[in-house]
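Here it is, the structure, as structure tokens.
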Protein chains: 2
Amino acid sequence: MRPDVPLGAPHERSDAARNRERLLNAARDLVAEFGAEALTMDALACKAHVGKGTVFRRFGSRAGLMMTLLSDSESEFQRGFMFGPPPLGPGAAPKERLIAFGEGRIYFVLENGELLKAAGAATRNRFDVPATKLSHRHMEVLLREAGIADPWVMAMSLTYALDPERIVDDVRVRGISPTRLTDSWRELVTRLLRTT
Amino acid sequence: MRPDVPLGAPHERSDAARNRERLLNAARDLVAEFGAEALTMDALACKAHVGKGTVFRRFGSRAGLMMTLLSDSESEFQRGFMFGPPPLGPGAAPKERLIAFGEGRIYFVLENGELLKAAGAATRNRFDVPATKLSHRHMEVLLREAGIADPWVMAMSLTYALDPERIVDDVRVRGISPTRLTDSWRELVTRLLRTT
DNA sequence: ATACTAAACGGACTGCGGTCCGGTTTCTAT
DNA sequence: ATAGAAACCGGACCGCAGTCCGTTTAGTAT
């Protein structure tokens, strides 16, 4: 019984479950219709026929809501670089994996850009978005394998170089093609990790 | 007379000048006392004995105010890399200049961090902060000289790698020493620009 | 001096994210 | 069935950035 409840979690009440369902459906509808940018917490509460307090108890903040909405596609992307086939997944050289990671990330961001921007914008440290932490750790490991002196800090530089806001604005505001972005990423990683 | 009025600018009215002075003084006081983070536009208007509309007509937005507050030290930094002595200024090799630029930027950000974060946070595209545009252009030129294939995009990657929020949080939240940041920046640029 | 006009003024107003707390509902133990 | 408690609910409320518009004021032309 009670699948995937963390263990002794005190059982989610039925009204809570019902409201969570309502909220997620309403949120997906609103995002589909007006875009993530335009989603307000009041409108969501109203559309889901639920009090505003309920929305915030459920998701904590606007950023939390966006992260919840993202979690499916995000976990899929994560599975890709953690368990999937090379060059993205394990089995290829660090350089190749890092290139593939950046390319995948760029396309992922361009598909879920609004959500990601909204998730990052509304939070203090975007670094405590759990998915960001995981990506950072992944890059850190690859950089260490490749002989970078301070892989943690370097991974942070690359994390910010792949910032959703940056990618989305490059493409949508400044008119850079996705191909140029991935090419430049490849150049960056290639030069960074080539052996003397 | 009337120095640095762009040319045929329609003469700033005396009450406008008086209020601008009041606002800047009040803003500096508030930032000094409570930090840039905590400065609200209402509090500023109140302390300067000025209506709220006046604040927004003067500075356009909270970000605009922060940029005004920054402009002095920012122009100084800009002079440094545009006209100052090498390796920051002209005369050194691109790689050296880029290293010096990043180091200078990191220390500049750590001194003016709150203001910079506040300026960037409140604006849509942080890229349309004029100072950011200039820095980007500077890096673009250096990268082109160094033979990078797509200097514009690469400069954008590096711009985000030097993001104020990133630098400030690395040091103040995640406990990374400034030295580690500058060392890692040096490693990044060195590897990026070393010739085959 | 006087009248005119364009600019500047200021504060009430809106919309948003987020908090708070008194009332209600669901589950559990008896 | 019943009582009690914990969890949940909802909407009034707050602080803040930014807008709007009727009023005031500084400069200018006569």
Taking only side-chain nitrogens and oxygens of N19(A), does any of them come within less than 4.0 Å of OP1 or OP2 of dC8(D)?
no
Residues pairing under side-chain hydrogen bond (donor to acceptor under 3.5 Å, both in side chains) where one sits in residues 40-52 of chain B, two or more places apart or in two chains, turn out to be D42(B)-K52(B)
Q. Has R62(A) got a side-chain N or O lying under 4.0 Å from the OP1 or OP2 atom of dG17(C)?
A. yes
Atom CG of L23(B) and atom P of dA8(C) are separated, to the nearest Å, by 14 Å
M66(A) CE to dG17(C) C1', in whole Å, measures 12 Å
Between E165(A) and K117(A) the two heavy atoms that sit nearest each other are CA-CG, 3.9 Å
Separation of dA8(C) atom C1' from F59(B) atom CZ, nearest Å, is 14 Å
Taking any heavy-atom pair under 4.0 Å as a contact, classify L44(A): base, sugar-phosphate, or nothing. nothing
Separation of dC16(C) atom P from M41(B) atom CE, nearest Å, is 20 Å
* Do R13(B) side-chain and dA8(C) base share a donor-acceptor contact under 3.5 Å? -> no
Rounded to whole Å, CG of D15(B) lies from C1' of dA6(C) at a distance of 12 Å
Which of dG27(D), dA8(C), dG10(C) is nearest the side chain of V50(B)? It is dG10(C)
Requested in this report: Answer with base, sugar-phosphate or nothing: what part of the nucleic acid does L65(A) contact at a heavy-atom distance below 4.0 Å?
Outcome: nothing
Rounded to whole Å, CZ of R58(B) lies from P of dG18(D) at a distance of 17 Å
To the nearest angstrom, the CZ-C1' distance between F34(B) and dG15(D) comes to 16 Å
Legend entry - Contact check, side chains of L24(B) and L69(B), non-hydrogen atoms, under 4.5 Å: yes
Identify whether any heavy atom of R18(B) sits under 4.0 Å from a base atom; if not, whether one sits that close to sugar-phosphate; answer base, sugar-phosphate or nothing. nothing
Contacts table for residues 87-106 of chain A: side-chain donor-acceptor under 3.5 angstrom, sequence neighbours left out:
| unit_1 | atom_1 | unit_2 | atom_2 | d |
| --- | --- | --- | --- | --- |
| R97(A) | NE | L88(A) | O | 3.2 |
| R97(A) | NE | G89(A) | O | 3.0 |
| R97(A) | NH2 | F81(A) | O | 2.8 |
| R97(A) | NH2 | L88(A) | O | 3.4 |
| E103(A) | OE2 | R186(A) | NH2 | 2.6 |

The residue, K52(A) or A38(B), whose nearest nucleotide of DNA chain D is more 5′ is K52(A)
Note: for L39(A) and R22(B) on DNA chain C, the residue whose nearest nucleotide lies more 5' is R22(B)
By nearest-heavy-atom nucleotide on DNA chain C, the more 5' of S14(A) and R20(B) is R20(B)
Exercise. Evaluate the side-chain proximity of L65(B) to L39(B): yes if any heavy-atom separation is below 4.5 Å, no if none is.
Key: yes
Atom CD of E37(B) and atom P of dA17(D) are separated, to the nearest Å, by 11 Å
Sorted by position of nearest nucleotide on DNA chain D, 5' first, the leading residue of D42(A) and R57(A) is R57(A)
